[in-house]
**Student:** 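Just dropping this structure here.
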Amino acid sequence: MSRLQSMTGFARAARDHEAGGIVWEIKSVNGRSLEARFRLPPGFERIEPMARQRLQKCFARGNVQASLTFKQSDALRRPVVDEEFLKEVAALAGRLQEQFGTAPATADGLLALRGVLDFADPVADEDLRASLDEAILAALDDALRGLEEARCAEGGALEAILLDQVSRIETLTDQVEADRSRSPEAIRERLREQVARLMDATTGFDADRLHAEAAILAAKADIREEIDRLRTHIAAARALIASGGPIGRKLDFMGQEFNRESNTLCSKSNAATVTAIGLELKAVVDQFREQVQNLE
């Protein structure tokens, strides 16, 4: 099972009980925190506090919707007729027939009226109710395990994608560090050419002062710190992914750090090759941040 969990998944679990059939369906999507919604049949509201506790023990983040369906056993369905109400309705139907010539009332038509026919609670017995509640919660546990397996399966796929993206970030960082434009010789040659052009185009410049100013600007454009910080973030991201658990928020912060360094690298670049690598780095970082949003 993967060390990481996605926040999306679906699971279904069913159990049979002497009181009826039990079916749980649970689905989970992305969320900033853990938010659970339960859809329960009338009369089963008592289950929600215990069900919520079980769910909170399993997951840390995600919007989770859990639906319970209960089909009563036919053997326990006992019809109950409100005879007084039935008499009143039958009498009213008779008067309408006499006065307005309406069709005579039929037995099945009268029994279909709301309030005339109902079914007794099949779990009125306390022992049976306790047994049913236990079966419902056991079925919920089955569904929660299924949902966890589904989220872990997708988490495993996300883990592979994230590690690949971190490796691409590292490769691009290596390319920036190794770029020829960053060599001392290339920097000196670039400064020499820039100063020479300025001296040829304009009179009255102090060559020594111009060289000093150019050196200061070159120092400000140095990206050594950005490269070092990127390497630190790469190591931290790999360690987080290896630790597993609900690390989505931490990796989201790491993605912001990657983004900050890649932006600074591009803004400080004074070579077309470094700028091109920086733009590709930004694209990979954006993909990393997008995938992280799916993690618990």
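Because the structure is a prediction, the values reported are computed rather than measured.
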**Student:** Flag the pair Phe288 / Val166 as yes when at least one side-chain heavy-atom distance between them is below 4.5 Å, and no otherwise.
**Tutor:** yes
**Student:** Does any N or O in the side chain of Arg61 come within less than 3.5 Å of the main-chain N or O of Ser33, such that one atom is a donor and the other an acceptor?
**Tutor:** no
**Student:** May I ask you to check whether over 12 heavy atoms, not counting those of Lys27, lie within 6.0 Å of atom NZ?
**Tutor:** no
**Student:** Between Ser267 (side chain) and Thr264 (backbone), is there a donor-acceptor pair under 3.5 Å?
**Tutor:** yes
**Student:** Above 12 or not: heavy atoms from other molecules or residues under 6.0 Å from CD of Glu225?
**Tutor:** no
**Student:** What verdict does the side-chain contact (heavy atoms from CB on, under 4.5 Å) test give for Leu147 and Phe59, after you've listed the backbone C-alpha separation in whole Å, the side-chain angles of each residue and the deciding distance to 0.1 Å?
**Tutor:** CA-CA 10 Å; Leu147 180 61; Phe59 307 111; 3.7 Å; yes
**Student:** Step by step, work out the side-chain contact (heavy atoms from CB on, under 4.5 Å) result for His17 and Leu128.
**Tutor:** CA-CA 10 Å; His17 187 268; Leu128 184 61; 3.7 Å; yes
**Student:** Flag yes if Leu265 and Ile234 sit in one hydrophobic cluster, no otherwise; membership is Ile, Leu, Val, Met, Phe, Trp, Tyr, and two members link when side-chain heavy atoms are under 4.5 Å apart.
**Tutor:** yes
**Student:** To the nearest 0.5 Å, what is the distance between CE on Met254 and CZ on Arg289?
**Tutor:** 12.5 Å
**Student:** Between atom NE2 of His233 and atom OG1 of Thr173, what is the distance when rounded to the nearest 0.5 Å?
**Tutor:** 10.5 Å
**Student:** Mind checking the CG-CD spacing from Leu251 to Gln291? Nearest 0.5 Å is all I need.
**Tutor:** 12.0 Å
**Student:** Which atom pairs, one a donor and one an acceptor, fall under 3.5 Å between side chains of residues 50-57 and the rest of the protein, sequence neighbours left out?
**Tutor:**
residue	atom	partner	partner atom	Å
Arg52	NH1	Ala36	O	3.1
Arg52	NH2	Glu48	OE2	2.7
Arg54	NE	Asp141	OD1	3.0
Arg54	NE	Asp141	OD2	3.4

**Student:** Roughly how far apart are Arg3 CZ and Leu240 CG, rounded to 0.5 Å?
**Tutor:** 12.0 Å
**Student:** Indicate if Ile161 and Leu281 have the same hydrophobic cluster label, given that clusters are the connected sets of ILVMFWY residues with side-chain heavy-atom separations under 4.5 angstrom.
**Tutor:** no
**Student:** Answer yes or no: is there an ion pair linking Asp174 with Arg231, defined by an N-O contact shorter than 4.0 Å?
**Tutor:** yes
**Student:** For a 4.5 angstrom cut-off between non-hydrogen side-chain atoms, does Asp228 reach Thr232?
**Tutor:** no
**Student:** Using 0.5 Å steps for rounding, measure from the CG atom of Leu162 to the CD1 atom of Ile247.
**Tutor:** 8.0 Å
**Student:** Could you tell me if the side chain of Arg95 sits less than 4.5 Å from the side chain of Leu92, heavy atoms only?
**Tutor:** yes
**Student:** Taking Arg229 first and then Glu226, would you say they form a salt bridge - that is, a charged N and a carboxylate O separated by under 4.0 Å?
**Tutor:** yes
**Student:** Flag the pair Cys152 / Glu159 as yes when at least one side-chain heavy-atom distance between them is below 4.5 Å, and no otherwise.
**Tutor:** no
**Student:** Would a distance-only check, ignoring hydrogens and angles, find a side-chain to backbone donor-acceptor pair under 3.5 Å from Trp24 to Ile136?
**Tutor:** yes
**Student:** Between Phe44 and Phe70, how do the two ring planes meet: parallel, tilted or perpendicular, split at 30° and 60°?
**Tutor:** tilted
**Student:** May I ask you to test the Thr102-Gln97 pair for a side-chain heavy-atom distance under 4.5 Å?
**Tutor:** yes
**Student:** Hey, does Glu154 have a side-chain heavy atom less than 4.5 Å from the side chain of Met7?
**Tutor:** no
**Student:** Are Arg145 and Glu148 within salt-bridge range, i.e. N to O under 4.0 Å?
**Tutor:** no
**Student:** Any carboxylate oxygen within less than 4.0 angstrom of a Lys/Arg side-chain nitrogen, looking at Glu25 and Arg12?
**Tutor:** yes
**Student:** I'd like to know if Asp252 and Arg249 make a salt bridge, using a cut-off of under 4.0 Å between side-chain N and carboxylate O.
**Tutor:** no
**Student:** Quick check for you: to the nearest 0.5 Å, what is the distance between Leu158 atom CG and Thr8 atom OG1?
**Tutor:** 7.5 Å
**Student:** Less than 4.5 Å apart, any side-chain heavy atom of Val176 and any of Leu230?
**Tutor:** no
**Student:** More than 12 foreign heavy atoms under 6.0 Å from CD of Glu290: is that the case here?
**Tutor:** no
**Student:** For Gly43, is there any backbone N or O sitting under 3.5 Å from a side-chain donor or acceptor partner on Glu45?
**Tutor:** yes
**Student:** List the steps and the verdict of side-chain contact (heavy atoms from CB on, under 4.5 Å) for Asn259 and Lys282.
**Tutor:** CA-CA 7 Å; Asn259 187 61; Lys282 282 174 57 65; 4.3 Å; yes
**Student:** Could you tell me whether the side chain of Asp16 and the main chain of Gly21 form a donor-acceptor pair under 3.5 Å?
**Tutor:** no
